[in-house]
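Indexing begins at 1, ligand by ligand and atom by atom, following the structure's order. Note that these values count all heavy atoms, side chains included, but never hydrogens, waters or copies made by symmetry.
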Amino acid sequence: MDFGFTRGDTIVVTGAGSGIGKAIALMAARAGLRVSAWDLAEAAILATVAEIQADGGDAVAAVADIGDPAAVARALSEAGPVRYLVNNAGPASSRELDFNDALAATVGTVQAVTDAWLRTGPAEGSAVVNIASVAGNYVGTDSAWYSAGKAAIAGYTRHLATRRAPAIRANAIAPGFIATPRMTGFAASELGQSLVERNPMRRAGHADDVAGAVLFLLSPLAAYINGVLLPVDGGWVVTQ
Ligand SMILES: NC(=O)c1ccc[n+]([C@@H]2O[C@H](COP(=O)([O-])OP(=O)(O)OC[C@H]3O[C@@H](n4cnc5c(N)ncnc54)[C@H](O)[C@@H]3O)[C@@H](O)[C@H]2O)c1
């Protein structure tokens, strides 16, 4: 898998213990990157790293809650110089959370991790990809905090793209309905089924569909792509 990365450059992926983050971590290792895989779930992140190593890749695990600045600082210093950052971890939209607390957990964490990374002085050619959502950016959803938080991630990405380039590039991904562990119940529901039926691709997304787009946006192949919000949704938003 050749995205043109320099072998051994380090990528941090938050929430790499499951779903989309795990797929990004596995694909990044196959693309020659050294993976610093972060998650608050210890068993899950150790399993991701073991899988990468069994596949011949290079990875280290960090048990870190991105809402804890001390844990973020520790994980970053253990990672060494980080060229690529993927802000993927965030609370599930199905959770009942206080609006302000949830915004802090959704977009405040993205800002905090990115800011800590920027303070390390990433090398030229560095890039970040933030995982937003079609929710809040293209469609409204039931969860007030999720819609607001994911739209805020897109706005924060535009800030980075305009105020931090050319030192880094910043882009965001808006996944549609992606079949990951957190979506298992939804996939089986009537609404989940109808979403698939109304999707031009007639299926839910795979985590690898998102991972490929993330790695492309980080890679030298996307050297002049900065500030985009890329839907990875099978064309669902253009049918709405
Ligand atoms: N699955 C979808 O349909 C979909 C759609 C749009 C956006 N997204 C976004 O993609 C991202 C990943 O979702 P997923 O479906 O892969 O979820 P998932 O539940 O499969 O995986 C999320 C991982 O993040 C970890 N995590 C959660 N909070 C954390 C924290 N504070 N610190 C460290 N790790 C933390 C969890 O332990 C878990 O391993 C989320 O930001 C989500 O909002 C998902």
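- Closest approach of Pro231 and Tyr138 over heavy atoms only: CG-OH, 3.5 Å.
- Atom numbering of ligand 1 starts at 1 in the shown order; those under 4.0 Å from a heavy atom of Ile20 are 10 (O), 16 (O), 44 (C).
- With hydrogens left out, the protein atom closest to atom 3 (O) of ligand 1 is Ile178 N, 2.9 Å, a heavy atom.
- Rounding to the nearest 0.5 Å gives a distance of 12.0 Å between CG of Asn226 and CZ of Arg158.
- Residue contact check: Pro181 has heavy atoms under 4.0 Å from atoms 20 (O) of ligand 1.
- For ligand 1, the atoms closer than 4.0 angstrom to any heavy atom of Asp65 are 30 (C), 31 (N), 32 (N).
- Closest protein heavy atom to atom 26 (N) of ligand 1: Ala89 CB, 3.9 Å.
- Without hydrogens or angle criteria, Asp209 side chain to His206 main chain gives a donor-acceptor distance under 3.5 Å.
- Closest protein heavy atom to atom 39 (O) of ligand 1: Asp39 OD2, 2.6 Å.
- Just one of Thr109, Leu40, Thr14, Asp39 meets the side-chain contact (heavy atoms from CB on, under 4.5 Å) condition when paired with Asp65; it is Leu40.
- Contact atoms of ligand 1 toward Phe177: 3 (O) (distance under 4.0 Å to a heavy atom of the residue).
- Counting atoms of ligand 1 from 1 in the listed order, those under 4.0 Å from a heavy atom of Gly19 are 16 (O), 20 (O).
- Among protein heavy atoms, atom 42 (C) of ligand 1 sits closest to Arg182 NH1, 3.4 Å.
- Residue contacts with ligand 1, taken as heavy atom pairs separated by less than 4.0 Å, do not involve Trp38 at all.
- When only non-hydrogen protein atoms are considered, atom 14 (P) of ligand 1 lies nearest to Thr180 OG1, 3.6 Å.
- With Thr106 as reference, Ile153 is the one residue of Ile153, Leu97, Asp101 to meet the side-chain contact (heavy atoms from CB on, under 4.5 Å) rule.
- Considering only non-hydrogen protein atoms, atom 28 (N) of ligand 1 sits nearest to Leu40 CD2, 4.0 Å.
- If you check which protein heavy atom lies closest to atom 20 (O) of ligand 1, you get Ser18 OG, 2.7 Å.
- When the heavy-atom distances from atom 33 (C) of ligand 1 to Gly15, Ala16, Ala64 are ranked, the shortest goes to Ala64.
- Considering each of Gly90, Ala187, Gly176, Ala207, the one bringing a non-hydrogen atom nearest atom 4 (C) of ligand 1 is Gly176.
- Not close to ligand 1: Thr14, with no non-hydrogen atom less than 4.0 angstrom away.
- Ligand 1 lies out of reach of Phe186, whose nearest heavy atom is not under 4.0 Å from it.
- For Lys22, no heavy-atom contact with ligand 1 is shorter than 4.0 Å.
- Taking 4.5 Å as the limit, every side-chain heavy atom of Phe186 sits out of range of all side-chain heavy atoms of Ser94.
- Using a 4.0 Å cut-off to heavy atoms of Met183, the atoms of ligand 1 that qualify are 1 (N), 2 (C), 3 (O).
- Per-residue contacts place Ala132 under 4.0 angstrom from the following atoms of ligand 1 (heavy atoms of the residue considered): 7 (C).
- The distance from the NZ atom of Lys150 to the OG1 atom of Thr141 is 11.0 Å, given to the nearest 0.5 Å.
- Cluster membership check: Leu230 does not share its hydrophobic cluster with Val128, using side-chain heavy-atom separations under 4.5 Å among Ile, Leu, Val, Met, Phe, Trp and Tyr.
- Within the listing of ligand 1, atoms 30 (C), 31 (N), 32 (N), 33 (C) sit less than 4.0 angstrom from a heavy atom of Ile66.
- Looking only at side-chain heavy atoms (C-beta outward), Leu218 and Phe3 stay at 4.5 Å or farther from each other.
- Note: Ile173 CD1 to Asn88 CG = 10.5 Å, rounded to the nearest 0.5 Å.
- Taken from CD1 in Ile11 to CE in Met27, the straight-line distance is 11.0 Å, to the nearest 0.5 Å.
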Working note: Val113 + Leu85, criterion side chain to side chain contact (heavy atoms under 4.5 Å, CB included); need CA distance, chi angles, decisive distance, verdict. CA-CA 9 Å; Val113 172; Leu85 171 64; 4.0 Å; yes
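- The aromatic rings of His159 and Tyr156 lie parallel to each other, their planes meeting at an angle below 30°, with 60° marking the opposite boundary.
- Atom 43 (O) of ligand 1 has as its closest protein heavy atom Tyr146 OH, 2.7 Å.
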